[in-house]
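Inspection log for the structure reproduced underneath, given as C-alpha coordinates.
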Amino acid sequence: MERVYINKISDYVDKDVTIHGWLYNIRSSGKLMFPELRDGTGIIQGVVVKSVVPEKVWEDFSKLTQESSLKVTGTVTKHPKKEKVYELQIKDLETINISEPYPITPKEHGVEFLMDRRHLWIRSSKQAAILRIRNEIIQSVRDYMYNNGFILFDTPIFTPNACEGTSTLFATDYFDLGKAYLSQSGQLYAEAGAMALGKVYTLGPTFRAENSMTRRHITEFWMMEPEMAFYDIDDDMDLIEDFLEYVVQRVLKNCKDELEQIGRDVSALEKVKKPFPRVTYDQAIEILNKKDIPLIRMTEKGEEQIRPFPWGEDFGAPQEEAIVEEFDKPVMVHRWPAEAKSFYMKRDPENPKIALGVDVLAPEGFGEIIGGSQREDNFDELEKRIKEHNLPLEEFQWYLDLRRFGSVPHSGFGLGIERTVNWICNLDHIREAIPFARRPNRIRP
RNA sequence: UGGACAGUAGCUCAAUGGUGGAGCAUUCGGCUGUUAACCGAAGGGUUGCAGGUUCAAGUCCUGCCUGUCCAGCCA
(Lines give C-alpha, C1' and ligand atoms only; values in the text may rest on other atoms or scores of the structure.)
Protein backbone atom coordinates (compact mmCIF):
# COMPACT_ATOMS: atom_id res chain seq x y z
CA MET A 1 0.00 0.00 0.00
CA GLU A 2 1.35 3.40 -0.94
CA ARG A 3 2.38 5.53 2.01
CA VAL A 4 1.26 9.15 1.62
CA TYR A 5 1.34 12.37 3.60
CA ILE A 6 -1.86 14.13 4.56
CA ASN A 7 -0.99 17.40 2.80
CA LYS A 8 -0.87 15.46 -0.51
CA ILE A 9 -4.05 13.49 0.13
CA SER A 10 -6.11 15.29 -2.53
CA ASP A 11 -4.00 13.54 -5.20
CA TYR A 12 -5.32 10.16 -4.02
CA VAL A 13 -9.12 10.46 -4.13
CA ASP A 14 -10.77 7.02 -4.45
CA LYS A 15 -7.39 5.35 -3.99
CA ASP A 16 -6.25 3.20 -1.10
CA VAL A 17 -3.38 4.66 0.91
CA THR A 18 -1.56 4.21 4.20
CA ILE A 19 -0.95 7.07 6.61
CA HIS A 20 1.67 6.90 9.35
CA GLY A 21 0.84 9.19 12.21
CA TRP A 22 -0.79 9.87 15.55
CA LEU A 23 -4.33 10.01 16.85
CA TYR A 24 -5.19 13.68 17.35
CA ASN A 25 -8.71 13.19 18.65
CA ILE A 26 -11.51 10.66 18.30
CA ARG A 27 -15.27 10.95 18.35
CA SER A 28 -17.48 7.90 18.35
CA SER A 29 -21.12 7.40 17.64
CA GLY A 30 -22.15 3.85 18.43
CA LYS A 31 -21.22 1.83 15.43
CA LEU A 32 -19.21 4.68 13.88
CA MET A 33 -15.92 6.24 14.92
CA PHE A 34 -14.31 9.43 13.65
CA PRO A 35 -10.62 9.40 14.49
CA GLU A 36 -8.66 12.52 13.59
CA LEU A 37 -5.21 11.56 12.37
CA ARG A 38 -2.19 13.83 12.16
CA ASP A 39 1.12 13.05 10.51
CA GLY A 40 3.04 16.30 10.86
CA THR A 41 1.88 17.65 7.50
CA GLY A 42 -1.78 18.00 8.38
CA ILE A 43 -4.86 16.45 9.91
CA ILE A 44 -7.43 14.19 8.27
CA GLN A 45 -10.61 12.70 9.64
CA GLY A 46 -10.97 8.97 9.36
CA VAL A 47 -14.26 7.09 9.27
CA VAL A 48 -14.48 3.66 10.90
CA VAL A 49 -17.73 1.76 10.26
CA LYS A 50 -18.26 -1.23 12.54
CA SER A 51 -20.17 -3.23 9.95
CA VAL A 52 -17.40 -2.72 7.37
CA VAL A 53 -14.09 -3.28 9.16
CA PRO A 54 -12.89 -6.56 10.69
CA GLU A 55 -13.85 -6.97 14.32
CA LYS A 56 -10.21 -6.67 15.42
CA VAL A 57 -9.80 -3.30 13.70
CA TRP A 58 -12.91 -2.00 15.48
CA GLU A 59 -11.66 -3.28 18.83
CA ASP A 60 -8.18 -1.85 18.30
CA PHE A 61 -9.62 1.56 17.48
CA SER A 62 -11.70 1.44 20.67
CA LYS A 63 -8.47 1.09 22.67
CA LEU A 64 -6.67 4.06 21.11
CA THR A 65 -5.90 7.06 23.27
CA GLN A 66 -5.01 10.60 22.18
CA GLU A 67 -1.51 10.71 20.60
CA SER A 68 -1.27 6.94 20.15
CA SER A 69 0.92 6.24 17.13
CA LEU A 70 -0.40 4.14 14.29
CA LYS A 71 -0.48 3.16 10.65
CA VAL A 72 -3.88 3.43 9.05
CA THR A 73 -4.98 2.14 5.66
CA GLY A 74 -8.09 3.23 3.87
CA THR A 75 -9.73 4.82 0.86
CA VAL A 76 -9.51 8.57 0.33
CA THR A 77 -12.93 10.16 -0.26
CA LYS A 78 -14.36 13.65 -0.43
CA HIS A 79 -16.14 14.87 2.69
CA PRO A 80 -19.92 14.44 2.21
CA LYS A 81 -20.67 17.99 3.41
CA LYS A 82 -17.48 20.06 3.16
CA GLU A 83 -15.76 21.39 0.06
CA LYS A 84 -12.06 20.62 -0.40
CA VAL A 85 -12.04 18.41 2.69
CA TYR A 86 -11.08 14.77 2.45
CA GLU A 87 -11.71 11.75 4.63
CA LEU A 88 -10.16 8.34 4.96
CA GLN A 89 -12.61 5.43 4.88
CA ILE A 90 -10.64 3.15 7.13
CA LYS A 91 -9.99 -0.50 6.31
CA ASP A 92 -7.08 -1.45 8.50
CA LEU A 93 -5.16 -0.29 11.54
CA GLU A 94 -1.74 -1.14 12.89
CA THR A 95 -1.20 0.27 16.36
CA ILE A 96 2.43 1.18 17.05
CA ASN A 97 2.17 2.60 20.55
CA ILE A 98 -0.77 3.20 22.88
CA SER A 99 -0.16 6.61 24.43
CA GLU A 100 -0.39 7.13 28.17
CA PRO A 101 -3.10 9.66 29.08
CA TYR A 102 -2.04 12.76 27.16
CA PRO A 103 -1.80 15.92 29.25
CA ILE A 104 -2.66 18.43 26.51
CA THR A 105 -6.33 17.86 25.86
CA PRO A 106 -8.33 19.68 23.20
CA LYS A 107 -9.45 22.15 25.89
CA GLU A 108 -7.94 25.34 27.28
CA HIS A 109 -4.64 25.38 29.12
CA GLY A 110 -2.58 28.05 30.81
CA VAL A 111 0.74 29.24 29.37
CA GLU A 112 2.88 27.85 32.18
CA PHE A 113 1.33 24.41 31.85
CA LEU A 114 1.88 24.47 28.11
CA MET A 115 5.43 25.81 28.29
CA ASP A 116 6.34 23.10 30.82
CA ARG A 117 5.22 20.66 28.13
CA ARG A 118 6.52 22.56 25.13
CA HIS A 119 7.97 19.32 23.72
CA LEU A 120 4.38 18.07 23.42
CA TRP A 121 2.64 21.41 22.80
CA ILE A 122 4.37 21.71 19.42
CA ARG A 123 2.21 18.78 18.24
CA SER A 124 -0.88 21.00 18.49
CA SER A 125 -2.09 22.19 15.11
CA LYS A 126 -1.61 25.91 15.79
CA GLN A 127 1.91 25.49 17.13
CA ALA A 128 2.85 23.19 14.28
CA ALA A 129 1.47 25.72 11.77
CA ILE A 130 3.54 28.52 13.35
CA LEU A 131 6.69 26.41 13.11
CA ARG A 132 5.98 25.67 9.46
CA ILE A 133 5.63 29.40 8.79
CA ARG A 134 8.89 29.98 10.67
CA ASN A 135 10.51 27.46 8.34
CA GLU A 136 9.16 29.33 5.31
CA ILE A 137 10.37 32.67 6.68
CA ILE A 138 13.90 31.39 7.25
CA GLN A 139 14.00 29.64 3.88
CA SER A 140 12.79 32.78 2.11
CA VAL A 141 15.44 34.83 3.93
CA ARG A 142 18.13 32.43 2.75
CA ASP A 143 16.78 32.31 -0.78
CA TYR A 144 16.57 36.09 -1.01
CA MET A 145 20.16 36.46 0.10
CA TYR A 146 21.43 33.67 -2.12
CA ASN A 147 19.57 34.94 -5.17
CA ASN A 148 20.85 38.49 -4.64
CA GLY A 149 24.54 37.69 -4.47
CA PHE A 150 25.02 37.52 -0.71
CA ILE A 151 27.50 34.98 0.65
CA LEU A 152 26.61 33.10 3.82
CA PHE A 153 29.29 34.07 6.31
CA ASP A 154 28.99 32.25 9.62
CA THR A 155 30.23 34.25 12.60
CA PRO A 156 31.45 32.85 15.92
CA ILE A 157 29.24 32.36 18.95
CA PHE A 158 32.08 32.42 21.49
CA THR A 159 33.44 35.94 21.46
CA PRO A 160 35.95 37.77 23.64
CA ASN A 161 34.25 41.15 23.57
CA ALA A 162 30.98 42.93 23.70
CA CYS A 163 29.42 44.58 20.71
CA GLU A 164 27.41 47.01 22.78
CA GLY A 165 28.43 46.71 26.42
CA THR A 166 29.05 43.71 28.68
CA SER A 167 26.06 43.95 30.99
CA THR A 168 23.84 42.01 28.61
CA LEU A 169 26.30 39.22 27.84
CA PHE A 170 26.25 35.63 29.03
CA ALA A 171 29.72 34.68 30.23
CA THR A 172 31.34 31.28 30.24
CA ASP A 173 34.80 29.97 31.11
CA TYR A 174 37.08 29.43 28.15
CA PHE A 175 40.08 27.23 29.06
CA ASP A 176 43.14 29.31 29.97
CA LEU A 177 41.92 32.35 28.07
CA GLY A 178 39.57 33.63 30.70
CA LYS A 179 35.99 34.52 29.90
CA ALA A 180 34.23 33.95 26.64
CA TYR A 181 30.88 35.55 25.94
CA LEU A 182 27.99 34.22 23.92
CA SER A 183 27.57 36.39 20.87
CA GLN A 184 24.86 39.02 20.94
CA SER A 185 25.51 39.97 17.32
CA GLY A 186 27.65 38.75 14.45
CA GLN A 187 27.85 42.22 12.95
CA LEU A 188 31.49 43.10 13.61
CA TYR A 189 32.63 39.83 12.05
CA ALA A 190 30.17 40.28 9.19
CA GLU A 191 31.84 43.63 8.45
CA ALA A 192 35.13 41.76 8.01
CA GLY A 193 33.25 39.38 5.71
CA ALA A 194 31.88 42.22 3.61
CA MET A 195 35.40 43.55 3.04
CA ALA A 196 36.42 40.08 1.84
CA LEU A 197 33.36 38.99 -0.12
CA GLY A 198 31.40 42.16 -0.93
CA LYS A 199 27.95 41.23 0.33
CA VAL A 200 27.56 38.70 3.13
CA TYR A 201 25.02 37.63 5.69
CA THR A 202 25.10 35.70 8.90
CA LEU A 203 22.15 33.79 10.31
CA GLY A 204 22.38 32.17 13.68
CA PRO A 205 21.49 32.27 17.35
CA THR A 206 22.36 35.28 19.46
CA PHE A 207 22.17 35.73 23.20
CA ARG A 208 21.17 38.66 25.38
CA ALA A 209 21.26 38.49 29.16
CA GLU A 210 18.53 41.11 29.45
CA ASN A 211 16.06 40.44 32.22
CA SER A 212 13.22 41.44 29.93
CA MET A 213 9.85 39.87 30.57
CA THR A 214 7.83 41.18 27.67
CA ARG A 215 6.00 39.58 24.80
CA ARG A 216 8.81 40.70 22.48
CA HIS A 217 11.89 39.34 24.28
CA ILE A 218 13.67 36.03 24.56
CA THR A 219 17.25 35.54 25.77
CA GLU A 220 18.26 33.29 22.88
CA PHE A 221 17.02 34.36 19.48
CA TRP A 222 17.94 33.97 15.84
CA MET A 223 19.15 36.92 13.86
CA MET A 224 19.91 37.44 10.19
CA GLU A 225 22.52 40.14 9.62
CA PRO A 226 23.54 41.19 6.10
CA GLU A 227 26.55 43.45 5.65
CA MET A 228 27.37 45.16 2.36
CA ALA A 229 30.49 46.97 1.20
CA PHE A 230 29.87 50.20 -0.73
CA TYR A 231 26.33 50.59 0.64
CA ASP A 232 25.25 53.81 2.31
CA ILE A 233 22.27 54.19 4.65
CA ASP A 234 19.88 54.82 1.76
CA ASP A 235 21.10 51.71 -0.09
CA ASP A 236 20.57 49.88 3.20
CA MET A 237 16.93 51.01 3.38
CA ASP A 238 16.38 50.10 -0.29
CA LEU A 239 17.56 46.60 0.53
CA ILE A 240 15.42 46.36 3.67
CA GLU A 241 12.21 47.15 1.85
CA ASP A 242 12.92 44.87 -1.09
CA PHE A 243 13.91 42.06 1.24
CA LEU A 244 10.96 42.41 3.63
CA GLU A 245 8.47 42.58 0.79
CA TYR A 246 9.91 39.37 -0.64
CA VAL A 247 9.72 37.48 2.64
CA VAL A 248 6.18 38.54 3.51
CA GLN A 249 4.76 38.00 0.03
CA ARG A 250 6.40 34.60 -0.25
CA VAL A 251 4.96 33.47 3.09
CA LEU A 252 1.55 34.68 1.92
CA LYS A 253 1.92 32.62 -1.23
CA ASN A 254 3.36 29.43 0.26
CA CYS A 255 1.69 29.29 3.67
CA LYS A 256 -1.97 29.99 2.86
CA ASP A 257 -3.21 26.98 4.81
CA GLU A 258 -1.04 27.64 7.84
CA LEU A 259 -2.03 31.31 8.00
CA GLU A 260 -5.67 30.32 7.83
CA GLN A 261 -5.17 27.67 10.49
CA ILE A 262 -3.79 30.19 12.96
CA GLY A 263 -6.50 32.71 12.07
CA ARG A 264 -4.15 35.36 10.64
CA ASP A 265 -5.87 38.27 8.87
CA VAL A 266 -3.79 38.26 5.69
CA SER A 267 -5.14 41.56 4.33
CA ALA A 268 -2.71 43.43 6.61
CA LEU A 269 0.19 41.40 5.20
CA GLU A 270 -0.91 41.91 1.61
CA LYS A 271 -0.23 45.63 2.06
CA VAL A 272 3.45 44.98 2.76
CA LYS A 273 4.66 46.19 -0.64
CA LYS A 274 7.31 48.70 -1.61
CA PRO A 275 7.81 51.53 -0.94
CA PHE A 276 7.76 51.67 2.85
CA PRO A 277 7.44 54.99 4.65
CA ARG A 278 10.81 56.50 5.59
CA VAL A 279 10.54 58.78 8.58
CA THR A 280 13.46 60.65 10.05
CA TYR A 281 13.78 60.81 13.82
CA ASP A 282 12.90 64.51 13.59
CA GLN A 283 9.73 63.74 11.64
CA ALA A 284 8.87 61.01 14.16
CA ILE A 285 9.14 63.57 16.96
CA GLU A 286 6.69 65.76 15.06
CA ILE A 287 4.23 62.86 14.94
CA LEU A 288 4.61 62.33 18.69
CA ASN A 289 4.05 66.00 19.42
CA LYS A 290 1.04 66.17 17.10
CA LYS A 291 -0.47 63.20 18.97
CA ASP A 292 0.68 64.59 22.32
CA ILE A 293 2.70 61.50 23.24
CA PRO A 294 5.05 62.43 26.12
CA LEU A 295 8.31 60.88 27.25
CA ILE A 296 7.53 58.77 30.29
CA ARG A 297 10.32 58.56 32.82
CA MET A 298 10.35 56.63 36.09
CA THR A 299 11.57 58.69 39.03
CA GLU A 300 11.55 58.20 42.80
CA LYS A 301 8.22 59.98 42.96
CA GLY A 302 6.78 57.68 40.33
CA GLU A 303 5.92 58.32 36.74
CA GLU A 304 6.95 61.60 35.18
CA GLN A 305 5.58 62.74 31.83
CA ILE A 306 7.66 65.12 29.78
CA ARG A 307 6.09 66.96 26.88
CA PRO A 308 6.81 67.86 24.23
CA PHE A 309 8.91 64.75 23.68
CA PRO A 310 12.51 65.96 24.13
CA TRP A 311 14.90 65.62 21.20
CA GLY A 312 17.60 63.05 21.84
CA GLU A 313 15.57 60.48 23.78
CA ASP A 314 15.11 56.97 22.43
CA PHE A 315 11.61 55.71 21.74
CA GLY A 316 9.87 53.17 23.94
CA ALA A 317 6.90 50.96 23.22
CA PRO A 318 4.25 53.74 23.50
CA GLN A 319 6.18 56.00 21.09
CA GLU A 320 6.79 53.22 18.58
CA GLU A 321 3.13 52.32 18.63
CA ALA A 322 2.05 55.93 18.06
CA ILE A 323 4.33 56.20 15.01
CA VAL A 324 3.36 52.86 13.51
CA GLU A 325 -0.35 53.68 13.90
CA GLU A 326 0.06 56.32 11.21
CA PHE A 327 0.91 53.72 8.57
CA ASP A 328 -0.17 50.27 7.47
CA LYS A 329 3.28 49.10 6.40
CA PRO A 330 6.59 48.59 8.15
CA VAL A 331 8.00 52.01 9.00
CA MET A 332 11.68 52.88 8.62
CA VAL A 333 12.74 55.45 11.20
CA HIS A 334 16.18 56.75 10.32
CA ARG A 335 18.83 59.34 11.26
CA TRP A 336 18.75 59.01 15.05
CA PRO A 337 20.39 61.09 17.76
CA ALA A 338 23.90 59.68 17.96
CA GLU A 339 23.91 59.74 21.76
CA ALA A 340 21.28 57.03 21.96
CA LYS A 341 22.95 54.75 19.44
CA SER A 342 25.90 52.36 19.20
CA PHE A 343 29.53 53.33 18.78
CA TYR A 344 29.92 51.82 15.32
CA MET A 345 27.28 53.91 13.57
CA LYS A 346 28.51 56.56 11.16
CA ARG A 347 27.62 60.16 11.92
CA ASP A 348 25.63 62.14 9.40
CA PRO A 349 28.13 64.31 7.49
CA GLU A 350 25.54 67.09 7.55
CA ASN A 351 24.97 66.91 11.32
CA PRO A 352 27.40 65.26 13.76
CA LYS A 353 24.64 64.85 16.35
CA ILE A 354 22.88 62.43 14.03
CA ALA A 355 23.81 58.77 13.51
CA LEU A 356 23.01 57.06 10.22
CA GLY A 357 20.93 54.35 11.82
CA VAL A 358 17.57 52.90 10.88
CA ASP A 359 14.99 51.00 12.91
CA VAL A 360 12.19 49.15 11.18
CA LEU A 361 8.97 49.01 13.14
CA ALA A 362 6.54 46.27 12.19
CA PRO A 363 2.90 47.24 11.68
CA GLU A 364 0.12 46.26 14.10
CA GLY A 365 2.19 47.06 17.18
CA PHE A 366 4.78 44.31 16.94
CA GLY A 367 7.65 46.72 17.50
CA GLU A 368 11.16 46.78 16.17
CA ILE A 369 12.05 43.88 13.89
CA ILE A 370 15.14 45.38 12.27
CA GLY A 371 17.94 47.63 13.47
CA GLY A 372 20.54 48.75 10.96
CA SER A 373 23.02 51.45 10.09
CA GLN A 374 25.78 52.72 7.91
CA ARG A 375 28.98 51.87 9.78
CA GLU A 376 31.72 54.31 10.73
CA ASP A 377 34.43 53.77 8.12
CA ASN A 378 36.87 56.49 9.28
CA PHE A 379 39.66 55.13 11.47
CA ASP A 380 40.09 58.17 13.70
CA GLU A 381 36.37 58.63 14.29
CA LEU A 382 35.86 54.97 15.13
CA GLU A 383 38.80 54.85 17.51
CA LYS A 384 37.48 57.94 19.26
CA ARG A 385 34.04 56.34 19.67
CA ILE A 386 35.48 53.15 21.12
CA LYS A 387 37.31 55.21 23.71
CA GLU A 388 34.25 57.35 24.44
CA HIS A 389 32.20 54.22 25.10
CA ASN A 390 34.93 52.91 27.46
CA LEU A 391 35.37 49.78 25.35
CA PRO A 392 38.71 47.91 25.53
CA LEU A 393 40.67 49.28 22.59
CA GLU A 394 42.97 46.23 22.36
CA GLU A 395 40.02 43.95 21.69
CA PHE A 396 38.95 46.12 18.78
CA GLN A 397 42.27 46.28 16.97
CA TRP A 398 41.21 43.68 14.43
CA TYR A 399 37.99 45.63 13.87
CA LEU A 400 39.98 48.84 13.41
CA ASP A 401 42.13 46.99 10.85
CA LEU A 402 39.07 47.00 8.60
CA ARG A 403 39.49 50.81 8.56
CA ARG A 404 43.27 50.66 8.25
CA PHE A 405 43.32 48.48 5.18
CA GLY A 406 41.13 49.71 2.37
CA SER A 407 38.20 51.10 4.33
CA VAL A 408 35.00 51.71 2.36
CA PRO A 409 31.52 52.97 3.21
CA HIS A 410 29.43 49.99 4.25
CA SER A 411 26.11 49.21 5.85
CA GLY A 412 24.05 46.38 7.23
CA PHE A 413 21.19 45.47 9.47
CA GLY A 414 19.93 42.81 11.85
CA LEU A 415 16.58 41.09 11.49
CA GLY A 416 15.09 39.34 14.50
CA ILE A 417 13.68 36.06 13.20
CA GLU A 418 11.30 35.44 16.11
CA ARG A 419 10.00 39.01 16.03
CA THR A 420 9.32 38.54 12.35
CA VAL A 421 7.48 35.27 13.05
CA ASN A 422 5.63 37.01 15.87
CA TRP A 423 4.42 39.70 13.49
CA ILE A 424 3.67 37.59 10.42
CA CYS A 425 1.75 35.07 12.56
CA ASN A 426 0.14 37.80 14.70
CA LEU A 427 1.10 35.95 17.89
CA ASP A 428 0.28 37.00 21.42
CA HIS A 429 3.80 36.25 22.58
CA ILE A 430 7.23 35.60 21.09
CA ARG A 431 7.57 32.36 23.09
CA GLU A 432 5.43 30.68 20.41
CA ALA A 433 7.72 31.85 17.57
CA ILE A 434 10.56 29.40 18.32
CA PRO A 435 10.44 25.69 19.17
CA PHE A 436 11.94 26.07 22.65
CA ALA A 437 11.93 29.65 23.91
CA ARG A 438 14.56 30.72 26.41
CA ARG A 439 13.47 33.44 28.82
CA PRO A 440 14.91 34.75 32.10
CA ASN A 441 12.69 32.41 34.10
CA ARG A 442 12.76 29.43 31.76
CA ILE A 443 15.47 27.15 30.42
CA ARG A 444 13.42 23.89 30.30
CA PRO A 445 12.41 21.83 28.45
C1' U B 1 14.75 45.72 38.24
C1' G B 2 9.86 48.39 39.29
C1' G B 3 4.30 48.25 39.14
C1' A B 4 -0.45 45.48 38.77
C1' C B 5 -2.85 40.85 39.15
C1' A B 6 -3.06 35.66 40.21
C1' G B 7 -2.05 30.57 42.66
C1' U B 8 -8.37 25.51 44.66
C1' A B 9 -8.95 17.99 41.31
C1' G B 10 -4.41 15.98 35.78
C1' C B 11 -6.43 20.76 32.98
C1' U B 12 -9.76 25.35 32.80
C1' C B 13 -12.44 27.64 36.47
C1' A B 14 -16.67 28.32 40.62
C1' A B 15 -17.35 28.56 46.04
C1' U B 16 -21.17 35.72 51.23
C1' G B 17 -15.55 34.23 57.07
C1' G B 18 -19.75 28.72 58.30
C1' U B 19 -20.61 20.84 54.90
C1' G B 20 -14.83 22.55 48.83
C1' G B 21 -18.24 22.13 43.37
C1' A B 22 -18.75 22.07 37.70
C1' G B 23 -16.94 21.14 32.68
C1' C B 24 -13.02 18.58 30.23
C1' A B 25 -9.47 14.49 30.80
C1' U B 26 -9.36 9.14 32.94
C1' U B 27 -12.39 4.29 33.72
C1' C B 28 -17.21 1.87 32.62
C1' G B 29 -21.94 1.92 29.82
C1' G B 30 -25.16 4.02 25.54
C1' C B 31 -25.64 6.13 20.56
C1' U B 32 -24.70 4.66 12.30
C1' G B 33 -22.22 11.38 10.14
C1' U B 34 -19.49 13.17 14.59
C1' U B 35 -16.65 18.40 14.32
C1' A B 36 -13.46 21.14 21.49
C1' A B 37 -19.66 15.50 19.43
C1' C B 38 -23.46 14.09 22.83
C1' C B 39 -26.12 11.20 27.06
C1' G B 40 -25.54 8.25 31.89
C1' A B 41 -22.29 6.52 35.93
C1' A B 42 -17.66 6.08 38.82
C1' G B 43 -12.90 7.36 40.76
C1' G B 44 -10.13 11.82 41.64
C1' G B 45 -8.47 17.41 47.00
C1' U B 46 -2.26 18.65 52.38
C1' U B 47 -7.00 25.05 48.50
C1' G B 48 1.55 27.36 46.55
C1' C B 49 4.66 27.57 51.51
C1' A B 50 5.25 29.58 56.65
C1' G B 51 3.11 32.37 60.36
C1' G B 52 -1.04 35.39 62.37
C1' U B 53 -6.40 37.18 63.41
C1' U B 54 -11.02 34.32 64.59
C1' C B 55 -15.51 29.93 67.95
C1' A B 56 -14.56 29.02 62.63
C1' A B 57 -9.92 30.78 57.03
C1' G B 58 -9.90 28.52 50.12
C1' U B 59 -11.83 33.43 51.68
C1' C B 60 -8.99 38.46 56.18
C1' C B 61 -3.56 40.16 57.62
C1' U B 62 2.14 39.63 57.22
C1' G B 63 6.34 37.37 54.91
C1' C B 64 8.22 34.15 51.22
C1' C B 65 7.87 31.22 46.60
C1' U B 66 5.95 30.64 41.67
C1' G B 67 3.49 32.52 37.46
C1' U B 68 1.03 36.14 34.17
C1' C B 69 0.65 41.07 32.21
C1' C B 70 2.75 46.07 31.77
C1' A B 71 7.23 49.32 31.81
C1' G B 72 12.60 49.85 30.99
C1' C B 73 16.48 47.51 27.78
C1' C B 74 16.62 45.61 22.66
C1' A B 75 16.05 42.26 17.45
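Proteins come first, then strands; the chains are lettered A, B, ... in the order of their sequence lines, and each starts at number 1.
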What nucleic acid atoms does [X] come within less than 4.0 Å of, heavy atoms only: base, sugar-phosphate, or nothing?
X: A/H79; answer: base
X: A/I370; answer: sugar-phosphate
X: A/T105; answer: sugar-phosphate
X: A/R431; answer: sugar-phosphate
X: A/P80; answer: base
X: A/T214; answer: base
X: A/H109; answer: sugar-phosphate

Task: Derivation and outcome, side-chain hydrogen bond (donor to acceptor under 3.5 Å, both in side chains), residues A/Q139 and A/D143 - done: CA-CA 6 Å; A/Q139 192 61 46; A/D143 287 349; 3.2 Å; yes
TODO: Answer yes when A/D39 and A/K8 have at least one side-chain N-carboxylate O distance shorter than 4.0 Å, and no when they do not.
DONE: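 No, no charged N to carboxylate O under 4.0 Å.
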Task: B/U68 OP1/OP2 closer than 4.0 Å to side-chain N/O of A/N441 - done: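 So the side chain of A/N441 is within the cut-off, an N or O lying under 4.0 Å from OP1 or OP2 of B/U68.
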TODO: Please report the shortest heavy-atom distance between A/L391 and A/F343, naming the atom on each side.
DONE: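 For A/L391 versus A/F343, the nearest heavy atoms are CD1-CD2, 3.6 Å.
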Open item on the list: Just to be sure I understand the geometry, which residues of residues 49-67 of chain A put a non-hydrogen atom under 4.0 Å away from RNA chain B?
Closed with: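 Residues of residues 49-67 of chain A under 4.0 Å from RNA chain B: A/S51.
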- [ ] Using heavy atoms and a sub-4.0 Å distance, could you list which residues of residues 15-41 of chain A are near RNA chain B? By number, please.
- [x]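 Contacts with RNA chain B under 4.0 Å: A/N25, A/R27, A/S28, A/S29, A/G30, A/K31, A/L32, A/F34.
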TODO: Look at the rings of A/Y281 and A/W336 and say which category their plane angle falls in: under 30° parallel, 30 to 60° tilted, over 60° perpendicular.
DONE: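 Ring orientation, 0 to 90° scale: tilted.
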TODO: Kindly indicate whether the side chain of A/R419 and the base of B/C74 share any N or O donor-acceptor pair separated by less than 3.5 Å?
DONE: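 Donor-acceptor pair under 3.5 Å: yes.
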TODO: Assess whether one donor atom and one acceptor atom, taken from the side chain of A/E112 and the base of B/U66, lie less than 3.5 Å apart.
DONE: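 No.
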Open item on the list: For the base of B/A75 and the side-chain ring of A/F221, does the geometry meet a stacking cutoff of under 5.5 Å between centres and under 30° between planes?
Closed with: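 Per 5.5 Å and 30° rule: yes, stacked.
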TODO: Go through the side-chain N and O atoms of A/D242 and A/Y144 and say whether any donor and acceptor fall under 3.5 Å apart.
DONE: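 On atom types as modelled, these side chains qualify, holding a pair under 3.5 Å.
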TODO: Send over the distance from A/D116 CG to B/G67 C1', rounded to a whole Å.
DONE: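 Nearest whole value for this atom pair: 10 Å.
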